[in-house]
There are 4 protein chains.
Amino acid sequence: MPDSGQQLGRPRDSHIDHAVLAAARGLLAEVGYSRVTMDATAARAGVGKAAIYRRFGSKAELLFAASVHDMSIEPPPDTGSLRGDLHALARLIHERLGNPLARQVTPALMAEMVRSPELAARLQQTFVAQQRADFAALLERAERRGELPRPLDPALAHLLLSGPVFMALFAFQDPVDDTVLGEIASVIAAGLVARSAGPAPG
Amino acid sequence: MPDSGQQLGRPRDSHIDHAVLAAARGLLAEVGYSRVTMDATAARAGVGKAAIYRRFGSKAELLFAASVHDMSIEPPPDTGSLRGDLHALARLIHERLGNPLARQVTPALMAEMVRSPELAARLQQTFVAQQRADFAALLERAERRGELPRPLDPALAHLLLSGPVFMALFAFQDPVDDTVLGEIASVIAAGLVARSAGPAPG
Amino acid sequence: MPDSGQQLGRPRDSHIDHAVLAAARGLLAEVGYSRVTMDATAARAGVGKAAIYRRFGSKAELLFAASVHDMSIEPPPDTGSLRGDLHALARLIHERLGNPLARQVTPALMAEMVRSPELAARLQQTFVAQQRADFAALLERAERRGELPRPLDPALAHLLLSGPVFMALFAFQDPVDDTVLGEIASVIAAGLVARSAGPAPG
Amino acid sequence: MPDSGQQLGRPRDSHIDHAVLAAARGLLAEVGYSRVTMDATAARAGVGKAAIYRRFGSKAELLFAASVHDMSIEPPPDTGSLRGDLHALARLIHERLGNPLARQVTPALMAEMVRSPELAARLQQTFVAQQRADFAALLERAERRGELPRPLDPALAHLLLSGPVFMALFAFQDPVDDTVLGEIASVIAAGLVARSAGPAPG
DNA sequence: GAATAAACGAGACGGTACGTCGCGTCTTAAG
DNA sequence: CTTAAGACGCGACGTACCGTCTCGTTTATTC
């Protein structure tokens, strides 16, 4: 019985949750993170500002929730080869971070993380763990196929593949061609194989 | 020749440049990017706001300038091997982006870039070109040594090496251990060599 | 026939009436009219806001009711002389308007009246009629005693006597000494007698 | 040398003072005290809200200043008789308090005075002293004419004459007919004469 | 008794205004 | 022409309060 208490008072209207998030997403797409205002969001959702602040403690939390809302988290496919798997995963990451909403929100979120460790922690738990699991599965498949003689750290693979995509999108503001994603996957695949076969680190 | 005309009237006081930048750095370190205000910076520097805006077009430019102020831009050393060069360069990048000031400013700057293409363009020209040249030199040395049979795109190498560092620092908020930098360098080096030896892309 | 229908459903809890008024009076005394909030009143009375609004249509009505709650409306005594009657009535008015609750509420109510003619009308009917009747009785007694040869307008007497008390309390924020009330009564009494004996108005 | 310090920085723009007060007066007349908004005032004055708050600490102060702004304070005329002087002064008071602006602002101001002793003190000093001087002059003239054998307290006369006008306007919300003002003046004049001739108070 | 109908505590809701803060610009007098 | 000081327009922020509206529950009257 984790929640024994009976809820008192008028319950939150879940229509409002959706209306607010939809309004926030719409505004994000139209005017960009910094020009989204709480007043405009409330007006667009047909809602009072208090109803928003009851749900989200600040603009940052609202826009984070709005951008995360329906982010698909399907696992990456098994393509039959390490290189193919990496390429597929690179595409997935690129889609997740490169869509219009994410391109608006992600940099702003990174800026907020600097001053809000709680937000940072929440984001880590929400995303990093999930993605690291994807990488662990991918490396395990490669091991089973015999492509990797020795197990590798999923965190390292995660950095190696996601980092370039992330940097291209947010530091260079440059969407990445699928050919380039393929090249990245190739280099990382070859490098991981060599590393796995080579001397132990240290 | 940025300023051909002979300057008339009272010349700018260069003490002010330093005072302003010092004040900005101090505030950045103490309160973080978003809580640095122009008024506070001016007050701390004992300077009027106009004197700041005469030198820096906006808060973003000021804080950017403050954070890069004494950033060494020495070229990466020749360590004698591709792997060693990559490791050294990774360290350099990590230092540049990982110092306290840069960790405050960089994410905020990325957020600003989204709404200000001019700022984005300036940052690209200032940094990307410089770093890409570093990578070009590094790859050329590797070619001359015979480590790389075929030339590779410096931009790709740049992404592959910097991306992971960048992501670890700003998405994961996690400073990177030098051992990990070494591993990254190893994987990338091996991957680049394999890629250079392998079939042409396409 | 104020309430012909037999009441259905749960009857109102009269404990709540008292609790609400007591809470309102307490808050009025502690924080003053404008800082009394409906939420605070409800919380202090241990009552939902709806229960308050079921009884009082607005904050103004509640606080008005709270302040008049136990206001004695005994008629002014017959002291045997016009001057004495006026002095006694002046004391009565001063007590009614000068107690701590009334001093909080009355000015606020006057401010509300400006924008709410309904409230204004209700207050007129509740008080003015009552007080005017007091004055009519007082003047009639004076006529019967022979102090006033001709009848006078009770409304005028009302204004003349209450006005100074009212103004002293609310415009000057100055409670009035009983000696001063006596002097006011003297002047008004003398003036009314002279006016009654003198030429007809017009 | 009360203010030896030379003013630094950009001086306040006096056009803004006027624009703000004019906007406030306009809104007061159009929509009434409680519906005057700081945003609306700023917009109408073509001014930022900060410029208003730099001058007036709150809505109450602004609207007070706006309503007081050009209140004529001409002294009451000498009509040749106490009764005539009182009638003239009653008319003056009635005009000052009965004009549209004053009818909006005065009740609200009285409500504010309850919670702000500073405001109350300022209003006293601004108005009461002035009006009491008027009454002192009036009574002195009557003495010199021989209408009043003994001097009377101007404060008492002030209360007696202003109180009825004040109460009629703000408690009864009833503008006062000039005939009624005349009757009030008659009664007060007669009463004061009788009082002055009669026994000393106490 | 069961059904009905209203009242109840709690608290969410739309709306509106508040007063504050920061940016980047403008305006003084002084140098 | 620069400087320190600081006022300015703009626009967003987050808070507070009003009066209304659900909820689930309680309490009396009516069938």
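In this text the structure is predicted, and so the values were computed from the model without any measurement. Below, chain A is the first sequence line, B the second, and so on; all start at residue 1.
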*Proximal nucleotide (of F:dG19, F:dC13, F:dC8) relative to the D:Arg12 side chain*: F:dC8
_Residue C:Leu8, side-chain atoms from C-beta onward, closest of E:dA5, E:dC18, E:dG9_ = E:dA5
*Would you mind telling me which residue lines up with the more 5' stretch of DNA chain E, D:Val36 or C:Ala43, judged by nearest nucleotide?*
C:Ala43
*asked:* If you assign each of B:Arg35 and A:Gly9 to its closest nucleotide in DNA chain E, which residue comes earlier from the 5' end?
replied: A:Gly9
*If you look at every heavy atom in A:Ser67 and A:Leu101, which pair is closest and at what distance?*
CA-CD2, 4.3 Å
*Taking all heavy atoms of B:Leu27 and all of B:Ala40, pick out the closest pair and write down the distance.*
CD1-C, 3.8 Å
Length of the line joining [X]:[atom1] and [N]:[atom2], which is rounded to integer Å:
{"X": "A:Lys59", "N": "F:dT15", "atom1": "NZ", "atom2": "C1'", "result": "18 Å"}
{"X": "B:Met38", "N": "F:dA7", "atom1": "CE", "atom2": "C1'", "result": "17 Å"}
{"X": "A:Asp13", "N": "E:dG14", "atom1": "CG", "atom2": "C1'", "result": "12 Å"}
{"X": "D:His15", "N": "E:dC26", "atom1": "NE2", "atom2": "P", "result": "18 Å"}
{"X": "D:Asp39", "N": "F:dG14", "atom1": "CG", "atom2": "P", "result": "17 Å"}
{"X": "C:Leu62", "N": "F:dC18", "atom1": "CG", "atom2": "C1'", "result": "13 Å"}
{"X": "B:Leu63", "N": "E:dG22", "atom1": "CG", "atom2": "C1'", "result": "13 Å"}
{"X": "B:Arg115", "N": "F:dG11", "atom1": "CZ", "atom2": "C1'", "result": "13 Å"}

*asked:* Please list all pairs meeting salt bridge (charged side-chain N to carboxylate O under 4.0 Å, His left out) that have one or both residues in residues 8-20 of chain D, counting only residues at least two apart or in different chains.
replied: D:Asp17-D:Arg55
*Close residues, residues 50-57 of chain A, relative to DNA chain E [heavy-atom separation under 4.0 Å]*: A:Ala51, A:Arg54, A:Arg55
_N or O in side chain of A:Arg10 less than 4.0 angstrom from F:dT22 OP1/OP2_ = yes
*F:dG6 phosphate, OP1 or OP2: any side-chain N/O from B:Lys49 under 4.0 angstrom?*
no
*Any pair counted as side chain to side chain donor-acceptor pair (under 3.5 Å), so long as it reaches residues 101-112 of chain B, sequence neighbours left out*: B:Tyr33-B:Glu112, B:Glu112-B:Arg115
*Using the test ring pair (Phe, Tyr, Trp, His ring centres under 6.0 Å), find all partners of B:Phe64 that sit at least two apart in sequence or belong to another chain.*
B:Phe127
*Who pairs with B:Phe170 by ring pair (Phe, Tyr, Trp, His ring centres under 6.0 Å), at least two apart in sequence or on another chain?*
B:Phe166
_Set of residues satisfying side-chain hydrogen bond (donor to acceptor under 3.5 Å, both in side chains) with respect to B:Gln125, sequence neighbours excluded_ = none
_B:Ile16 vs D:Asp17, nearer the 5' end of DNA chain F by closest nucleotide_ = B:Ile16
